[in-house]
There are 4 protein chains.
Amino acid sequence: MPASRPLRADARRNREALLSAARQAFLGGDTDAHVEDIARSAGVAVGTLYRHFETREALIEEVYRKEVDDLCAAPAELLAQHPPEEALRRFLLLLVEHAAVGKGMSVVLESIMATDSPVFDEARARMADALSRLLEAGAAAGTVRGDVTGPTLLRALGGICGMRATEGWLTEARQITALLFDGLRHGAARAA
Amino acid sequence: MPASRPLRADARRNREALLSAARQAFLGGDTDAHVEDIARSAGVAVGTLYRHFETREALIEEVYRKEVDDLCAAPAELLAQHPPEEALRRFLLLLVEHAAVGKGMSVVLESIMATDSPVFDEARARMADALSRLLEAGAAAGTVRGDVTGPTLLRALGGICGMRATEGWLTEARQITALLFDGLRHGAARAA
Amino acid sequence: MPASRPLRADARRNREALLSAARQAFLGGDTDAHVEDIARSAGVAVGTLYRHFETREALIEEVYRKEVDDLCAAPAELLAQHPPEEALRRFLLLLVEHAAVGKGMSVVLESIMATDSPVFDEARARMADALSRLLEAGAAAGTVRGDVTGPTLLRALGGICGMRATEGWLTEARQITALLFDGLRHGAARAA
Amino acid sequence: MPASRPLRADARRNREALLSAARQAFLGGDTDAHVEDIARSAGVAVGTLYRHFETREALIEEVYRKEVDDLCAAPAELLAQHPPEEALRRFLLLLVEHAAVGKGMSVVLESIMATDSPVFDEARARMADALSRLLEAGAAAGTVRGDVTGPTLLRALGGICGMRATEGWLTEARQITALLFDGLRHGAARAA
DNA sequence: CATGAATGAGGATTCATTCAT
DNA sequence: GATGAATGAATCCTCATTCAT
């Protein structure tokens with residue numbers, strides 16, 4: 001008997017449906033989404049939701065974890081294929097594009113940084129680590145200033161990616177990301 | 001009955017007490033503060049709160065309006081006494097310092113930008129205007145890039161000022177503000 | 001301003017109505033009575049119930065406290081007017097009669113003794129004290145055995161007064177009370 | 001299909017395991033034990049529980065029936081070997097000792113008497129019968145008063161055996177049982 | 001005007017029971 | 001027969017808002 005038996009096919013389907021429905025809701029901006037509604041739009045009853053997730057918070061946490069997992073795979077690949085400076089630039093833009101296609105990056109970043117909630121501690125830490133790695137590689141190469149840390153940059157990105165409501169926000173978001181990137185290179189000589 | 005009769009002295013006192021209590025609560029970070037609690041800490045009953053403010057949201061809105069009023073006076077003065085670039089730099093730092101001394105700038109900016117709520121529409125617009133004026137002056141002088149707008153910059157500042165919970169807050173905030181400022185100058189020649 | 005301002009007339013009325021409705025429900029035997037139902041039968045909404053009583057348990061506790069208050073006044077009076085043995089006999093019968101007229105003594109005693117819940121700790125202690133006083137007086141007079149304590153006797157009474165469901169239970173209750181009383185005297189010489 | 005086909009060996013094993021687990025739970029004092037938990041501690045799933053017992057109540061009922069079965073065998077034996085008065089005394093003490101060793105007599109008696117639930121009707125009746133037989137034998141012999149019935153005595157015993165939580169449990173229980181017994185003999189001459 | 005009591009629509013969570021696998 | 005996932009009614013409690021005093 002395995003430590004944690006694989007779920008029955010229909011159970012797994014429901015679990016996925018729940019995560020997907022929650023993702024739709026939370027990342028779509030409705031951070032107060034009701035469990036009842038999430039369950040309903042997943043096509044199951046609340047009881048089923050609670051069978052899969054101990055509490056409402058646990059469900060949210062899982063949604064965010066998955067989202068962050070996806071994003072945190074990128075930096076390693078980028079660093080393998082580009083000079084650090086370029087890898088950083090691309091990752092920053094990746095976050096922005098990701099947010100643009102409604103993949104919910106905006107809410108993820110925003111939630112991660114705008115609250116002190118321990119619920120997001122892990123997600124916060126992992127995103128900051130991803131950025132730290134890029135910053136450190138750039139600093140080591142002398143092309144990015146070395147006095148900016150991952151957590152700090154993460155905060156700024158939260159502001160950028162939180163720009164949901166605006167008309168033409170992708171343009172704006174790209175722009176200010178470039179601004180930040182310029183700032184990061186600007187002081188390279190001075191602050192490294 | 002005049003559009004807005006002057007309030008009796010005690011009524012005005014209550015109104016001020018309520019705004020002050022709400023400010024304490026909201027800007028102190030408890031954005032879910034209960035009306036009952038706010039009323040109590042203002043030394044009045046809920047009924048009085050509702051006599052002065054239509055709804056809970058109206059009270060919040062008023063708190064933010066006042067806060068933003070204070071801040072929006074600064075750009076004009078700064079522009080009168082400094083070259084545009086320096087005025088912009090000082091205003092950005094002013095926001096950060098303001099947030100630093102617990103005057104609630106962080107929550108103001110964060111709330112203004114992180115939500116789509118029409119409640120903050122006006123506050124958002126006025127802060128963006130203040131920044132626009134500074135950016136335009138800098139662009140006119142050729143020392144600041146001209147392709148960044150007030151609303152866009154406001155978003156980025158929201159990210160910075162939302163850094164409440166972290167250790168070493170002020171240092172990080174100053175740093176990233178400098179980063180942004182560098183970015184704003186960096187492209188001056190190119191983008192103006 | 002008094003330490004605890006007297007309640008407004010209508011508020012007190014509601015409070016009484018709630019206690020009365022709860023009494024009806026709990027002492028009537030429905031120990032799982034729903035707050036919603038209690039509120040409704042008191043003619044108020046749940047919110048009102050919760051304004052007067054912090055939790056469901058707090059309400060129950062208050063009901064029991066009042067009930068026990070009433071009963072615990074009796075022993076002192078009885079001892080003042082009768083020899084201890086007779087006072088004891090009368091108090092035992094008083095409990096039984098009290099239960100008989102639907103005044104809820106049965107559930108009170110039962111709840112007090114059949115659960116370990118700390119909710120009833122105080123009520124339990126006071127009832128036991130009342131019995132202790134009577135037993136001790138009787139023991140001192142040499143007419144009641146001295147090796148039975150209040151808490152012990154309280155348990156036995158719980159069994160007797162719990163006889164709700166039976167046909168003709170008052171007769172039975174009186175009978176077994178007499179039995180106990182006989183037992184208490186029987187060993188007087190031996191155990192005092 | 002015979003009225004009650006003999007169960008397959010493994011089915012019977014499950015049934016026994018369920019009864020045993022339920023016994024552990026209910027008689028151990030957790031009268032609110034969840035079916036899921038009972039099933040788990042019996043090493044089966046809920047579905048299996050429901051295959052053997054129509055409802056949660058049916059399971060409880062069965063547990064109590066078995067417990068009472070065991071106890072109701074005693075009076076006949078005791079009467080065969082002792083004078084009625086002594087048989088009664090021994091049976092009363094047997095109940096107490098049984099409760100003392102955690103065999104759950106306390107909960108059985110308490111549940112049987114403290115509720116009106118028809119679930120326990122049969123158990124109640126059989127226990128009362130057992131006591132009636134002893135009382136009648138004693139009355140016939142003239143050593144026990146004849147005006148106390150089984151149901152009545154059963155109630156009193158419920159109170160005694162409900163004394164679970166107290167320090168010094170067994171001592172108190174023995175004592176009050178003796179008290180009752182004394183009361184039963186006390187009036188023998190008078191009431192027979 | 002001020003008070004604070006009353007309202008009542010939710011909202012998260014639990015658990016006996018059913019039924020597809 | 002056994003499993004355990006799914007159901008969903010039921011329950012306690014919260015809190016913005018209204019309104020009698």
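Residue numbers start from 1 in every chain, and the chains themselves are labelled A, B, ... in the order their sequence lines are given, proteins ahead of strands.
Each of E16(A), E67(A), E62(A) was scored for a salt bridge (charged side-chain N to carboxylate O under 4.0 Å, His left out) with R23(A), with one residue passing: E67(A).
For T55(B), the side-chain atoms get nearest to dT17(F) when compared with the rest of dT17(F), dA12(E), dA2(F). Comparing dT17(F), dA2(F), dT7(E) against the side chain of R56(B) picks out dT17(F) as the nearest.
For dT3(F), the OP1/OP2 oxygens have a side-chain nitrogen or oxygen of T48(D) closer than 4.0 Å. At least one side-chain nitrogen or oxygen of H34(B) sits closer than 4.0 Å to the OP1 or OP2 atom of dA16(F). Put simply, N14(D) has no side-chain N or O that comes within less than 4.0 Å of OP1 or OP2 on dG1(F).
Atom-to-atom distance recorded for R65(D):CZ and R126(D):CZ is 8.0 Å, nearest 0.5 angstrom. For the atom pair L49(A) CG and R56(A) CZ, the distance stands at 10.0 Å (nearest 0.5 Å). Note: Y64(D) OH to L59(D) CG = 10.5 Å, rounded to the nearest 0.5 Å.
Place E36(B) and E36(A) on DNA chain F by their nearest nucleotides, and E36(A) ends up nearer the 5' end. Remark on DNA chain F: of its neighbouring residues D10(C) and L49(A), the 5'-side contact belongs to L49(A), judged by nearest-heavy-atom nucleotide. Taking the nucleotide of DNA chain E with the nearest heavy atom to each of E54(A) and R13(A), the more 5' of the two is matched to E54(A).
Closest approach of A42(A) and A21(A) over heavy atoms only: CB-CB, 3.9 Å.
Rounded to whole angstrom, the span from the CD1 atom of I38(A) across to the C1' atom of dT13(E) amounts to 14 Å. The distance from atom CZ of R40(B) to atom P of dA5(E) is 11 Å, rounded to the nearest whole Å. Between L18(D) atom CG and dG4(F) atom P there is a gap of 14 Å when expressed in whole angstrom units. In this structure, D32(D) atom CG and dA10(F) atom C1' are separated by 15 Å, rounded to whole Å. Separating the CZ atom of F53(A) from the C1' atom of dT14(E) is a distance of 18 Å, rounded to the nearest angstrom. Rounded to a whole Å, the NE2 atom of H52(A) is 14 Å from the P atom of dG4(F). Put simply, OH on Y50(A) is 16 Å from P on dA9(F), counting in whole angstrom units. Whole-Å rounding puts the R15(A) CZ to dG4(F) P distance at 17 Å.
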(message) As a check on the pairing definition, encode DNA chain F in dot-bracket form, counting Watson-Crick and G-U wobble pairs whose two distances are under 3.5 Å, and using | for partners outside this strand.
(response) .||||||||||||||||||||
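A salt bridge links R40(C) to D37(C): one of the charged nitrogens lies within less than 4.0 Å of a carboxylate oxygen.
Base engagement by R51(C) is indicated by at least one non-hydrogen atom pair under 4.0 Å involving a base atom. In this structure, V46(D) reaches the bases: a heavy-atom distance under 4.0 Å links it to at least one base atom across the strands shown. Using a 4.0 Å heavy-atom criterion, one finds that V44(C) contacts the sugar-phosphate atoms exclusively.
Side-chain contact between F26(B) and I38(B) is present, with heavy atoms from C-beta onward closer than 4.5 Å. R15(C) has its side chain within reach of F53(C): a pair of non-hydrogen atoms, C-beta onward, lies under 4.5 Å apart.
Rounded to whole Å, the P atom of dC1(E) lies 22 Å from the corresponding atom of dT21(F).
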